[in-house]
Chemist: 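This is the structure, below, for whatever I ask next.
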Amino acid sequence: MSTPTVPRTTGPLSAPVQAEARAAEPAARTYQVRTFGCQMNVHDSERLSGLLEDAGYVRFDEAGDGSAEPDVVVFNTCAVRENADNKLYGNLGHLAPVKERRPGMQIAVGGCLAQKDRGEIVRKAPWVDVVFGTHNVGSLPALLERARHNAKAQVEILESLEVFPSTLPTRRESPYAAWVSISVGCNNTCTFCIVPSLRGKEKDRRPGDVLAEVEALVSEGVLEVTLLGQNVNTYGVEFGDKLAFGKLLRATGGVAGLERVRFTSPHPSSFTSDVIDAMAETPNVMPSLHMPLQSGSDRVLKAMRRSYRRSRFLSILQEVRGRIPDAAITTDIIVGFPGETEEDFRQTLEVVEQARFTSAFTFQYSPRPGTPAATMGEQVPKAVVQERYERLTALQDEIAYAENRAQVGRTLEVLVAEGEGRKDAETRRLSGRAPDNRLVHFSLPGGAQAPRPGDVATVTISRGAPHYLEADATDAFAVRRTRAGDAWEARQARPAAADAAPAGPRPVGLGLPTIRRR
């Protein structure tokens with residue numbers, strides 16, 4: 001039997017033929033991820049973006065002329081605050097007429113609120129196409145395709161983690177600083193917090209997996225990593241090593257080329273001296289610590305099921321500052337927890353005065369259905385909560401202002417950031433983070449070449465404001481160009497090259513089992 005011959009091309013296709021071939025390919029669908037909530041959600045959104053791009057979607061250009069809309073909008077939601085529901089349904093309401101004009105558009109809702117409300121979201125907003133929970137982030141592309149194929153909303157909420165998120169594709173927002181998840185979930189039972197019921201019990205990654213991810217990031221140019229977990233200092237509970245977090249800090253600090261290591265958030269009841277030693281003895285672990293207080297009243301802390309008391313909290317701060325004198329300590333505080341009296345609140349103010357926090361995230365208590373605190377008696381009247389909140393923020397602003405003024409005259413290395421200074425164009429400054437994570441806005445000397453995001457600038461602080469530092473003295477100014485700056489520069493050039501390549505969606509399955517030939 002003769003074999004049929006196949007015509008061969010003798011060279012590349014002509015430009016007109018290439019253009020015609022590209023025009024015949026379907027345009028890639030665009031996506032936009034809108035994130036609400038904590039750092040865990042921000043990191044999950046990087047995973048969602050990575051999954052969509054791996055499936056052939058293209059990030060929507062938000063800097064366009066405003067006439068276009070993304071083909072897919074994903075809401076990554078939070079359920080911690082009372083207004084989370086209103087924020088989500090308000091945003092969904094704004095998109096309803098847009099979707100009516102564009103039948104091919106899809107809307108997906110994920111995250112903690114999706115885990116909590118489940119099918120309720122589709123009932124209230126029937127134009128939503130996909131609802132997915134905190135445990136099945138990786139299902140999003142398949143659910144979107146299934147919704148298109150079946151012309152019906154897809155709701156998939158798993159009760160436990162299916163795949164550890166760090167194994168999923170990622171589109172990192174920053175080429176110079178990265179989140180690295182070391183655990184998910186939480187084993188605490190704080191009466192005001194709904195997170196454990198939505199994120200599940202703590203699950204830890206193996207140290208080798210964490211370090212492999214850190215090393216891969218550094219090889220791509222990253223200078224700074226933040227180890228992330230709901231309660232990072234209980235890391236190791238799954239494999240029975242109570243000292244695992246301190247060991248992980250030291251090991252991460254030993255990764256060649258990594259200049260800054262941070263972590264968030266620890267819990268005071270589990271914070272031990274070996275972690276403080278690791279911070280003090282590992283040069284690239286930064287002198288910054290976020291230590292949630294929540295209340296300065298022992299009575300309220302007991303009602304919150306926070307298994308520490310004010311004396312224990314203050315002793316941790318004293319030990320940290322004894323070992324790391326320049327440490328900047330930040331915190332979380334809740335005002336108006338059920339049953340909080342004026343005396344309880346006065347004790348919180350006392351702790352704030354003693355602690356001298358660099359900054360504080362202050363919250364007015366709001367009841368979350370499903371938490372024990374929501375059914376407690378003695379809910380504090382809104383007007384009382386508001387008045388206490390204003391007193392607390394005024395005191396904390398005064399302390400932060402004094403602490404920042406004490407930085408004047410110091411020479412610091414600032415990791416130049418992108419998007420940190422909202423008024424940089426007006427003030428002709430650049431912005432970045434000091435080692436202790438304070439925000440620094442700095443001026444360039446005349447004729448100096450501007451550093452790139454990811455480069456390190458040496459600056460001298462000339463003014464301290466309540467929420468940031470300024471460095472307008474330019475006599476000690478210097479710039480160190482870094483691999484991270486190179487990575488940022490390369491990313492800026494990438495879109496133009498990508499536009500020249502043929503675009504088109506990759507095939508996405510419906511999430512059904514496949515049959516393979518043996």
Chemist: Check step by step if salt bridge (Lys or Arg N to Asp or Glu O under 4.0 Å) holds for Arg391 and Glu387.
Modeler: CA-CA 6 Å; Arg391 272 193 282 160; Glu387 189 273 335; 2.9 Å; yes
Chemist: Between Arg205 and Glu213, is there a salt bridge with N-O shorter than 4.0 Å?
Modeler: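 Salt bridge present between Glu213 and Arg205.
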Chemist: Between His290 and Thr264, is any side-chain donor less than 3.5 angstrom from a side-chain acceptor?
Modeler: no
Chemist: When you measure from the centre of the six-membered ring of Phe36, is the NZ or CZ of Arg34 under 6.0 Å away and within 45° of the axis?
Modeler: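 Cation-pi check for Arg34 and Phe36: fails.
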Chemist: Going by atom types alone, do Thr411 and Thr460 pair a side-chain donor with an acceptor below 3.5 Å?
Modeler: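 Side-chain D/A pair, Thr411 to Thr460: present.
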Chemist: With distance as the sole test, does Thr234 use its side chain to make a donor-acceptor pair with the main-chain N or O of Asn231 at under 3.5 Å?
Modeler: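 A pair under 3.5 Å: yes.
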Chemist: Identify the two heavy atoms, one from His441 and one from Gly421, that lie closest to each other, and give their separation to 0.1 Å.
Modeler: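 Where His441 meets Gly421 most closely, the heavy atoms are CE1-CA, 3.8 Å.
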Chemist: Do the side-chain N and O atoms of Asn437 and Ser288 include a donor-acceptor pair separated by under 3.5 angstrom?
Modeler: no
Chemist: Enumerate the residue pairs fulfilling ring-ring contact (aromatic ring centres under 6.0 Å, His included) with a member in residues 220-250, sequence neighbours excluded, ordered by first and then second residue.
Modeler: Tyr235-Phe239, Phe245-Phe263
Chemist: Side chains of Cys193 and Asn188, heavy atoms from C-beta outward: is any pair under 4.5 Å?
Modeler: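 The answer is no, as the side chains (C-beta and beyond) never meet within the 4.5 Å cut-off.
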Chemist: Step through the shown structure and confirm whether more than 12 heavy atoms of other residues, nucleotides or ligands are within 6.0 Å of CD on Glu398.
Modeler: no
Chemist: If you measure from the Lys or Arg side-chain nitrogens to the Asp or Glu carboxylate oxygens, is any gap between Asp455 and Arg480 under 4.0 Å?
Modeler: no
Chemist: Side chains of Ser273 and Glu319: do they bring a donor and an acceptor to under 3.5 Å?
Modeler: yes
Chemist: Hey, does Leu248 have a side-chain heavy atom less than 4.5 Å from the side chain of Leu227?
Modeler: yes
Chemist: Work out which heavy atom in Glu353 is nearest to a heavy atom in Ile399; give both atom names and the distance.
Modeler: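 Result for this residue pair: CA-CD1, 4.0 Å.
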Chemist: Checking the side chain of Arg309 only, and the main-chain atoms of Arg306 only, is there a donor and an acceptor separated by less than 3.5 Å?
Modeler: yes
Chemist: Enter the distance from Ser297:OG to Arg346:CZ here, rounded to the nearest 0.5 Å.
Modeler: 10.0 Å
Chemist: Is it true that Arg410 and Asp326 have a side-chain N and a carboxylate O under 4.0 angstrom from each other?
Modeler: yes
Chemist: Measure across Phe363 and Tyr389 and return the closest heavy-atom pair with its distance rounded to 0.1 Å.
Modeler: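 Reported closest heavy-atom pair: N-CE1, 4.2 Å.
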Chemist: Does the pair Glu342/Arg388 count as a salt bridge with the N-to-O cut at 4.0 Å?
Modeler: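 Salt bridge flag = yes for Arg388 with Glu342.
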Chemist: Step by step, would you call Ser139 with Glu156 a side-chain hydrogen bond (donor to acceptor under 3.5 Å, both in side chains)?
Modeler: CA-CA 9 Å; Ser139 301; Glu156 183 175 286; 3.0 Å; yes
Chemist: Side chain to side chain contact (heavy atoms under 4.5 Å, CB included) for Phe132 and Val130? Distances and angles first, verdict last.
Modeler: CA-CA 7 Å; Phe132 62 100; Val130 169; 4.0 Å; yes
Chemist: Nearest heavy-atom pair of Ser49 and Val33: which atoms, and what distance?
Modeler: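 Minimum heavy-atom contact is OG-CG2, 3.7 Å.
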Chemist: Can you tell me how far CG of Leu223 sits from OH of Tyr176, rounded to the nearest 0.5 angstrom?
Modeler: 10.5 Å
Chemist: Minimum heavy-atom separation for Thr134 to Gln115, with atom names?
Modeler: N-OE1, 2.9 Å
Chemist: Is it true that a side-chain atom of Gln379 and a backbone atom of Pro338 form a donor plus acceptor pair closer than 3.5 Å?
Modeler: no
Chemist: If you count every heavy atom of other residues, nucleotides or ligands that lies below 6.0 Å from Gln354 atom CD, does the total exceed 12?
Modeler: yes
Chemist: Glu53 and Arg59: salt bridge (Lys or Arg N to Asp or Glu O under 4.0 Å), yes or no, with the steps?
Modeler: CA-CA 8 Å; Glu53 293 191 8; Arg59 190 171 191 172; 5.6 Å; no
Chemist: Within this structure, what is the OH-NZ distance for the pair Tyr365 and Lys382, rounded to the nearest 0.5 Å?
Modeler: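 Answer rounded to 0.5 Å: 13.0 Å.
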Chemist: Between Gln230 and Glu202, do the side chains contain a donor N or O and an acceptor N or O under 3.5 Å apart?
Modeler: no
Chemist: Can you check whether Leu415 reaches Pro435 side chain to side chain, under 4.5 Å on heavy atoms?
Modeler: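 Leu415 does not reach Pro435 side chain to side chain.
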Chemist: Going by distance alone, is a donor N or O of one side chain under 3.5 Å from an acceptor N or O of the other, for Asp472 and Ser443?
Modeler: yes
Chemist: If only atom types and distance count, is the side chain of Thr331 paired as donor or acceptor with the main-chain N or O of Leu293 below 3.5 Å?
Modeler: yes
Chemist: Report yes or no: does Asp332 contribute a side-chain atom to a donor-acceptor pair with the main-chain N or O of Met291 at less than 3.5 Å?
Modeler: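 Between the backbone of Met291 and the side chain of Asp332 there is no qualifying donor-acceptor contact (under 3.5 Å).
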Chemist: Run the salt-bridge test on Glu343 and Arg299 with the 4.0 Å N-O cut-off and return the result as yes or no.
Modeler: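 Arg299 and Glu343: not salt-bridged.
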Chemist: What do the steps show when you test Val479 against Val456 for side chain to side chain contact (heavy atoms under 4.5 Å, CB included), and what is the final call?
Modeler: CA-CA 6 Å; Val479 171; Val456 176; over 6 Å; no
Chemist: Could you check whether any side-chain N or O of Thr348 sits under 3.5 Å from a backbone N or O of Gly296, counting only pairs where one atom can act as donor and the other as acceptor?
Modeler: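 At least one qualifying donor-acceptor pair exists.
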Chemist: Quick one: does Asp204's side chain have a donor or acceptor within less than 3.5 Å of a partner on Val237's backbone?
Modeler: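 Pair found, side chain donor or acceptor close to backbone of Val237.
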Chemist: Using the rule given for side chain to side chain contact (heavy atoms under 4.5 Å, CB included), can you reason through Ile157 versus Arg118, listing the C-alpha separation, both sets of side-chain angles and the distance that settles it, and then say yes or no?
Modeler: CA-CA 7 Å; Ile157 307 291; Arg118 303 172 182 245; 3.6 Å; yes
Chemist: If we ignore hydrogens and angles and just use 3.5 Å, is the side chain of Thr282 paired with the main-chain N or O of Arg250 as donor and acceptor?
Modeler: no
Chemist: With a 4.5 Å heavy-atom cut-off, do Phe192 and Met304 have their side chains touching?
Modeler: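 In contact.
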Chemist: Does this structure show an ion pair linking Glu224 with Arg262, if we count only N-O contacts that are shorter than 4.0 Å?
Modeler: yes
Chemist: Between Arg483 and Val218, is there a donor-acceptor pair closer than 3.5 Å when you use the side chain of the first and the backbone of the second?
Modeler: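 Answer holds: yes.
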Chemist: What distance separates Ile333 CD1 from Phe345 CZ, expressed to the nearest 0.5 Å?
Modeler: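 That separation rounds to 9.0 Å.
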Chemist: Taking the side chain as C-beta and beyond, is there a heavy-atom pair between Val320 and Leu317 under 4.5 Å?
Modeler: no
Chemist: Taking 4.0 angstrom as the limit, do Asp241 and Lys247 come out as a salt bridge?
Modeler: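 Yes, Asp241 and Lys247 are salt-bridged.
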Chemist: Measure centre to centre between the rings of Tyr401 and His467, then say whether the value is under 6.0 Å.
Modeler: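 Between His467 and Tyr401, which both carry aromatic rings, the centre distance is not below 6.0 Å.
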Chemist: Are Glu403 and Phe357 packed together at the side-chain level, in the sense that at least one heavy-atom pair is separated by less than 4.5 angstrom?
Modeler: no
Chemist: Below 4.5 Å, heavy atoms only, C-beta onward: do Arg452 and Gln492 meet side chain to side chain?
Modeler: no
Chemist: Supply the atom-to-atom distance Phe442 CZ to Leu412 CG, rounded to the nearest 0.5 angstrom.
Modeler: 12.0 Å
Chemist: Check Ser219 against Ala216 and note the closest heavy-atom contact, atom names and distance.
Modeler: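 Heavy atoms of Ser219 and Ala216 come nearest at OG-O, 2.6 Å.
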Chemist: Is the shortest heavy-atom distance from the side chain of Ile182 to the side chain of Val232 under 4.5 Å?
Modeler: yes
Chemist: Look up atom NZ in Lys203 and atom CG in Asn187, then write down how far apart they are to the nearest 0.5 Å.
Modeler: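 Going from NZ on Lys203 over to CG on Asn187, the span is 10.5 Å.
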Chemist: Examine the side chains of Trp179 and Glu46 and answer whether a donor and an acceptor come within less than 3.5 Å of each other.
Modeler: no
Chemist: Not counting sequence neighbours, which residues clear ring-ring contact (aromatic ring centres under 6.0 Å, His included) with Phe271? List them please.
Modeler: none
Chemist: Does Lys87 offer a backbone N or O that forms a donor-acceptor pair with the side chain of Asn91 under 3.5 Å?
Modeler: yes
